[in-house]
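Worth knowing before you read on, the calculation uses all heavy atoms, side chains too, and leaves out hydrogens, waters and symmetry mates.
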Amino acid sequence: MYWTFSWQLYPSISHVKLSNRKVSFGSRKYTAIRASVSPSESGGSAAPIAPLQLESPIGLFLSQILTSHPHLVPAAVDQQLELLKTDRDAEQQKEEPSPAGTDIVLYRRIAEVKANERKKTLEEILYALVVQKFMDANVSLVPAISPSSSEPSGRIDTWPSQDDKLEHLHSPEANEMIQNHLSLILGSRLGDNSAVAQISKLRVGQVYAASIMYGYFLRRVDQRFQLEKSMKVLPQGVYDEDSSIQQVAGEDISGDRRDTSFRSTTQTHPELTSLSAGDVSPGGFGQGIKPSRLRNYVMSFDGETLQRYATIRSREAIGMIEKHTEALFGRPEIVITPQGTIDSSKDELIKISFGGLRRLVLEAVTFGSFLWDVESYVDSRYHFVAN
């Protein structure tokens with residue numbers, strides 16, 4: 001597998017000319033959008049808003065608003081969620097046919113199709129809200145990765161860095177953790193933005209997806225940290241700056257239950273092992289890790305709490321991460337050898353600067369942070385997150 005998810009390819013959202021038509025969705029009609037690019041308006045090539053194209057009727061409707069009035073996206077989402085909730089409630093109130101007839105098979109199949117439609121719609125609502133938050137922050141998402149024809153060196157990172165803007169979207173404590181995250185990935189190359197490396201596209205995609213999950217976890221624990229900080233009930237030792245780097249990084253305390261859980265959780269993220277073994281992080285795992293207040297706070301969690309905070313709560317959020325990552329990096333050609341390992345002979349190599357890698361990781365962490373925010377927002381209006 002690529003980033004441990006299943007795959008389906010989607011093109012990019014573009015600035016388009018849109019016309020309305022009515023589309024049936026379940027038992028209710030929604031306004032959908034038929035997209036067509038006007039050459040005179042696009043200038044031949046429209047600048048993408050984000051790598052992933054929204055396809056459901058509601059997703060296409062939100063795409064139109066993103067291109068014309070992005071500040072209206074939350075209001076449009078509220079309206080669509082109310083319609084979805086009404087449809088779901090009506091579906092749940094229907095009586096299931098008698099088991100004696102063949103109608104029950106058809107009934108359950110229709111219910112399954114409608115549930116899948118709602119899942120896809122919720123994924124695209126989440127995506128539209130995440131994209132809108134980037135637009136509000138005046139940060140453009142990295143476009144779909146492809147070999148650069150305009151850059152003589154063949155580098156793919158022709159996008160602006162925007163590192164400062166991305167870092168300002170997080171609290172000081174979260175930024176300390178993000179810098180440690182970057183240190184784990186880039187190692188001694190952390191400050192070497194201009195150097196160019198030829199790197200596996202598969203590995204970079206794995207790191208990007210893992211960084212989204214890390215950002216989701218980080219925003220979740222940071223919200224709890226900021227609340228306890230404001231209430232002055234933080235655990236003792238969180239602000240202890242004398243904590244050793246080894247202890248904060250989870251080293252040399254193998255007998256501690258919290259350490260074991262923390263390492264078992266972080267080792268599910270590919271960036272901790274994929275790049276440090278290759279051409280990106282010559283410093284190796286754990287190099288450059290610095291003590292931080294939020295990391296000390298996380299280390300105070302018991303194993304069950306840590307596992308809960310490190311888990312993405314909804315299938316819809318997982319599906320959205322999967323589709324966005326594939327839209328950005330493309331669909332890899334994975335070949336499994338008879339020994340059960342991945343054959344990397346067909347793995348595409350890309351040229352990217354370490355500054356470009358830093359930009360990708362910062363975007364991914366921010367994407368995950370925004371995903372936590374919008375998932376909570378949508379769930380407050382249309383409950384879909386499992387307890």
Side-chain angles (χ1 to χ4, degrees), residues 1-5 126 130 133-134 139 141-142 163 166-187 190 203-226 248-250 258-259 261-276 280-281 285-299 301 303 305-314 317-322 324-325 328-329 357-376:
M1 299 297 288
Y2 196 1
W3 359 95
T4 72
F5 300 116
L126 292 173
V130 169
K133 287 177 76 70
F134 274 100
V139 174
L141 285 162
V142 170
D163 290 3
L166 289 166
E167 290 174 352
H168 285 149
L169 295 171
H170 304 277
S171 71
E173 291 85 1
N175 267 317
E176 290 176 344
M177 293 277 281
I178 292 171
Q179 293 306 311
N180 282 337
H181 180 73
L182 286 165
S183 294
L184 287 171
I185 296 169
L186 300 179
L190 180 60
R203 284 187 181 180
V204 177
Q206 288 174 327
V207 168
Y208 188 90
S211 295
I212 291 178
M213 293 185 283
Y214 182 74
Y216 181 97
F217 163 79
L218 191 59
R219 178 58 63 91
R220 195 173 183 180
V221 296
D222 189 41
Q223 280 188 351
R224 173 171 162 172
F225 174 86
Q226 298 300 336
V248 173
R258 294 171 298 177
D259 167 60
S261 174
F262 183 73
R263 286 195 287 176
S264 65
T265 302
T266 56
Q267 283 172 354
T268 64
H269 298 300
E271 83 275 9
L272 300 188
T273 55
S274 62
L275 296 185
S276 62
V280 175
S281 181
F285 174 77
Q287 296 296 316
I289 297 299
K290 298 178 180 178
S292 70
R293 290 163 289 183
L294 188 54
R295 181 175 286 271
N296 286 347
Y297 177 71
V298 170
M299 293 296 293
F301 290 179
T305 300
L306 185 61
Q307 185 62 43
R308 185 175 76 252
Y309 273 74
T311 302
I312 294 178
R313 299 181 299 171
S314 67
I318 293 173
M320 194 261 281
I321 295 172
E322 162 199 333
H324 170 70
T325 307
L328 180 58
F329 291 94
L357 281 172
R358 177 187 173 90
R359 165 72 169 85
L360 278 174
V361 172
L362 285 173
E363 174 185 290
V365 171
T366 305
F367 193 103
S369 298
F370 285 166
L371 177 56
W372 164 260
D373 293 339
V374 304
E375 184 188 56
S376 301

Practice problem: Report the distance from atom OG of Ser292 to atom CG of Asn180, rounding to the nearest 0.5 Å. | Solution: 5.5 Å
Practice problem: Report yes if the side chains of Thr366 and Lys133 come closer than 4.5 Å at any heavy-atom pair, otherwise no. | Solution: no
Quiz item: Using 30° and 60° as the class limits, which term best fits the ring planes of Tyr297 and Phe225: parallel, tilted or perpendicular?
Solution: perpendicular
Quiz item: How many angstroms lie between NE2 in His324 and OH in Tyr208, if you round to the nearest 0.5 Å?
Solution: 3.0 Å
Exercise. Take Arg224 and Thr305, measure what side-chain contact (heavy atoms from CB on, under 4.5 Å) needs, and give me the verdict at the end.
Key: CA-CA 12 Å; Arg224 173 171 162 172; Thr305 300; 3.7 Å; yes
Practice problem: Drop me the distance from Gln179's CD to Leu182's CG, to the nearest 0.5 angstrom. | Solution: 5.5 Å
Practice problem: Scan side-chain atoms only and decide if Arg220 and Ser376 contain a donor-acceptor pair under the 3.5 Å cut-off. | Solution: no
Quiz item: Of the non-hydrogen atoms in Ile185 and Ser211, which two are nearest, and what is the gap between them?
Solution: CD1-OG, 4.1 Å
Quiz prompt | Minimum-distance pair of heavy atoms, taken over all atoms of Thr325 and Gly205 | solution = CG2-O, 3.9 Å
Quiz item: Does Glu176 come within less than 4.0 Å of Arg295, counting only side-chain N to carboxylate O?
Solution: no
Self-check item: Asp222 versus Gln226, side-chain donor and acceptor atoms under 3.5 Å
Solution: yes
Quiz item: Any idea how Phe367 and Phe134 line up, ring-wise: parallel (<30°), tilted (30 to 60°), or perpendicular (>60°)?
Solution: tilted
Practice problem: Could you grab the distance from atom CG of Leu218 to atom CG of Leu294, nearest 0.5 Å is fine? | Solution: 6.0 Å
Quiz item: Which is it for Val365 and Met177 under the side-chain contact (heavy atoms from CB on, under 4.5 Å) test, yes or no, and what are the steps along the way?
Solution: CA-CA 11 Å; Val365 171; Met177 293 277 281; over 6 Å; no
Quiz item: Just checking, is any N or O donor in the side chain of Tyr216 or Glu375 under 3.5 Å from an acceptor N or O on the other one?
Solution: yes
Quiz item: Which pair of non-hydrogen atoms, one from Val142 and one from Glu363, has the smallest distance, and what is that distance?
Solution: N-OE1, 2.8 Å
Quiz item: What orientation do Tyr214 and Phe217 show, parallel under 30°, tilted 30 to 60°, or perpendicular over 60°?
Solution: tilted
